[in-house]
Amino acid sequence: MPEANIDNEHSSENLSIFSLPVVNDNPIGWGPNDQPDKYKDLPYQKFSKSDKIGKIADWTLTGHTDKKSYNKYQSQFSVGNVGQYSYFHDEDESQFTLVDQTRATKTGFQKKFRTNPNKIIRKTYNQQYQKPAQVVNTKMTKQQKVQQKSKPKYQTNNRNIQMKQREPSVRVGDEWKVIEEIEFSRLSKLSLIVDDPVDLKSCGSMEYYDKTYDRVNCKVQTAANKLKRINRVYHKVTTLDDPVIRSLSKTEGNVYATDSILATLMCCSRSVYPWDIVVSKISNKIFLDKRDDSNFDLLTVSETSSEQPMDEEKSINSPHNLALEATYINQNLTQQVLRMNEERFCFTDPNPFIESDQSEVASVGYKYRKWDLGNDIKLIVRSEIDAISTGANDEKIFLNIRALNEWDSKYNNGLDWRQKLDSQPGAVLAAEIKNNGCKLAKWTVCSLLASVDQIKFGFVSRVNTRATDKHVILGMQQFSPNEFSSQIALNIDNSWGIVRCIIDILNKQKDGKYIIMKDPNKPIIRIYDIPENSFSDTEQGDQDGDEE
């Protein structure tokens, strides 16, 4: 650029002279339009504006097999790999050696796609000249057959399996209105600390536990190990049909439930299968109830397992048939392990559900207890106790007895109870906690509500995996309810918080009938406002059938 002439001595009328230089624009590429005379005899490689010239030299480019990066720094004016700057060796350079003979470090990309030319040559040679291999004997050994049977029958890619949509526990009516929809993630954040309950009434009688069943094992199988059918009457009376709760509702409490109904609410965040609880609000008093024709009292099997039972109606391993089998095993085991036909331990009041014409009633004791949940909520719960035992100093120990059943070891993480229960009882129990986490949590809550001292688990298995009529007892384990609740990560404060949250929602509603439903396919519970005559047709139909 020429210098501007500025003379301070001159007057302001003399202005500086500024001249613009000549700029040559090349619209088709980089560099000048006209080649200067001094560079006339030198070779010059043209560059396009789309060429990438970020690197001066790339020594690893020759090893790339990726087509995207192969032509990364190629110019569009060159033909193939030959450009104006291509160099050809005219002289013999075989005598030339490098001083640094260390190998260049290859990148991870080059190592991944490294090929072995010798391997390719050997493969080609074997295909052409080697004799075909002899046919291997297809007969399987005995050990191979056992391993083949132990594999799951339906072993497919889980991504390609379309889970069957479950049906709700009860059909949602057209007139039902959704009051609240609560996700399990919200329920898991709740917490409530409650004080110890107050015992209002104790009823029923219980038999003593037979301690010989604590020595049952898988190695020695006797006639006592076989599960027997005990012909006794089992009462599953709901809340509104309980005469004791009806009498207590006149003077005590404002929320009423049974231990099984309350445990379902307290452990609802662990549930997978659908369920429903009917709520009747009468004179600002809430009764948590169940439908007469529901499957509420059936015990689920493998509900929280990663491989849930296939929903096939005709199969003995369908969820419904497994629930019937588990309920049958649980009822009979709780009576078989007792010292039957001996003196019973009786509470102050007799069993309120015994009728004069009934046969022998199962061993059970009832405790009616009251909890204060705050906000003027007084909860009365009927809890159950299965049996009683004696300690070292002849002190009374209250028990709850439950049965865990094995229906197929293939779907129990490959653990065969007959082989593992004696040597690895902890592994068997851990598998059951994983596969039946919701059921075990509800049993633990029921034991905590009744304040029993011990909860005993009986491990029962089928004699034949294809038959559901014969079972055998393989062993017994016992735990303290508080100890077992920490073992299954059950937060009882969170469970009380869930109950308080649902009761607060119901207290805001007017007197009427409601239903709490677990969504069959989503981790959500919904509260519906339903008409007063809901489920009355079904109940009336059941009554007509009984009269006939």
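What you are looking at is a predicted structure, and each value in this text was computed from that prediction instead of being measured.
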Subject >> Contact summary for Arg344 and Ser363, nearest pair of heavy atoms >> reply: NH1-CA, 4.0 Å
Subject >> Residue pair Thr212, Asp210: steps toward the side chain to side chain donor-acceptor pair (under 3.5 Å) verdict >> reply: CA-CA 6 Å; Thr212 58; Asp210 189 354; 2.8 Å; yes
Original post:
Is the CD atom of Glu167 crowded by more than 12 outside heavy atoms at less than 6.0 Å?
Top reply: no
Original post:
Within a strict 4.5 Å, meaning less than it, do heavy atoms of the Leu490 and Arg270 side chains meet?
Top reply: yes
**OP:** Consider only side-chain N and O atoms of Asn400 and Ser447, and report whether a donor and an acceptor are under 3.5 Å apart.
**Re:** yes
Original post:
Side-chain contact, heavy-atom cut-off 4.5 Å: Ser280 with Leu240?
Top reply: yes
Subject >> Validation row: Asn332, Lys228 side chains within 4.5 angstrom (heavy atoms) >> reply: no
Original post:
Is atom CD of Glu343 surrounded by more than 12 heavy atoms (other residues, nucleotides or ligands) closer than 6.0 Å?
Top reply: no
Original post:
Does a donor on one side chain and an acceptor on the other come within less than 3.5 Å for Asn482 and Ser480?
Top reply: no
**OP:** Report yes if some heavy atom in the side chain of Leu429 is under 4.5 Å from a heavy atom in the side chain of Phe479; otherwise report no.
**Re:** yes
**OP:** Ignoring hydrogens and angles, state whether a donor on the side chain of Ser461 or Arg418 is under 3.5 Å from an acceptor on the partner side chain.
**Re:** yes
Original post:
Quick one: are Cys267 and Val445 in side-chain contact, heavy atoms under 4.5 Å?
Top reply: yes
Original post:
Looking at Leu298, Thr468, Leu299, which one forms a side chain to side chain contact (heavy atoms under 4.5 Å, CB included) with Leu324?
Top reply: Leu298
**OP:** Compare all side-chain heavy atoms of Glu406 with those of Leu415 and state whether any distance is below 4.5 angstrom.
**Re:** no
Subject >> For the student: nearest non-hydrogen atoms of Phe459 and Leu421, plus distance >> reply: CB-CD2, 3.8 Å
**OP:** Start with the C-alpha gap between Asp259 and Arg382, add the side-chain angles, then the distance that decides, and say whether salt bridge (charged side-chain N to carboxylate O under 4.0 Å, His left out) holds.
**Re:** CA-CA 6 Å; Asp259 56 351; Arg382 185 194 73 208; 5.5 Å; no
Original post:
Between Ile515 and Ile530, what is the shortest heavy-atom contact and its length?
Top reply: CG2-CG2, 3.7 Å
Subject >> Residues Glu360, Arg232; criterion salt bridge (charged side-chain N to carboxylate O under 4.0 Å, His left out); working and verdict >> reply: CA-CA 5 Å; Glu360 188 177 4; Arg232 287 184 170 182; 2.8 Å; yes
Original post:
Which word best sums up how the rings of Tyr366 and Phe353 line up, parallel for under 30°, tilted for 30 to 60°, or perpendicular for over 60°?
Top reply: perpendicular
Original post:
Side chains of Ser169 and Arg291: do they bring a donor and an acceptor to under 3.5 Å?
Top reply: no
Original post:
Does one side chain, of Asp242 or Thr239, offer a donor that lies under 3.5 Å from an acceptor on the other?
Top reply: no
Original post:
For Phe398, is the NZ or CZ atom of Lys367 found under 6.0 angstrom from the centre of its six-membered ring and inside 45 degrees of the ring axis?
Top reply: yes
Original post:
Are Lys396 and Tyr208 close enough that a side-chain donor and a side-chain acceptor fall under 3.5 Å?
Top reply: yes
**OP:** For residues Phe287 and Ile245, report the shortest heavy-atom separation together with the two atoms involved.
**Re:** CE2-CG2, 4.4 Å
**OP:** Mind running salt bridge (charged side-chain N to carboxylate O under 4.0 Å, His left out) on Glu181 and Arg526 for me, showing each step along the way?
**Re:** CA-CA 5 Å; Glu181 185 176 284; Arg526 296 183 179 91; 2.8 Å; yes
**OP:** Return yes if a side-chain donor-acceptor contact under 3.5 Å exists between Glu432 and Asn436, otherwise no.
**Re:** yes
**OP:** Identify whether the distance between the nearest side-chain nitrogen and carboxylate oxygen of Asp416 and Lys420 falls below 4.0 Å.
**Re:** no
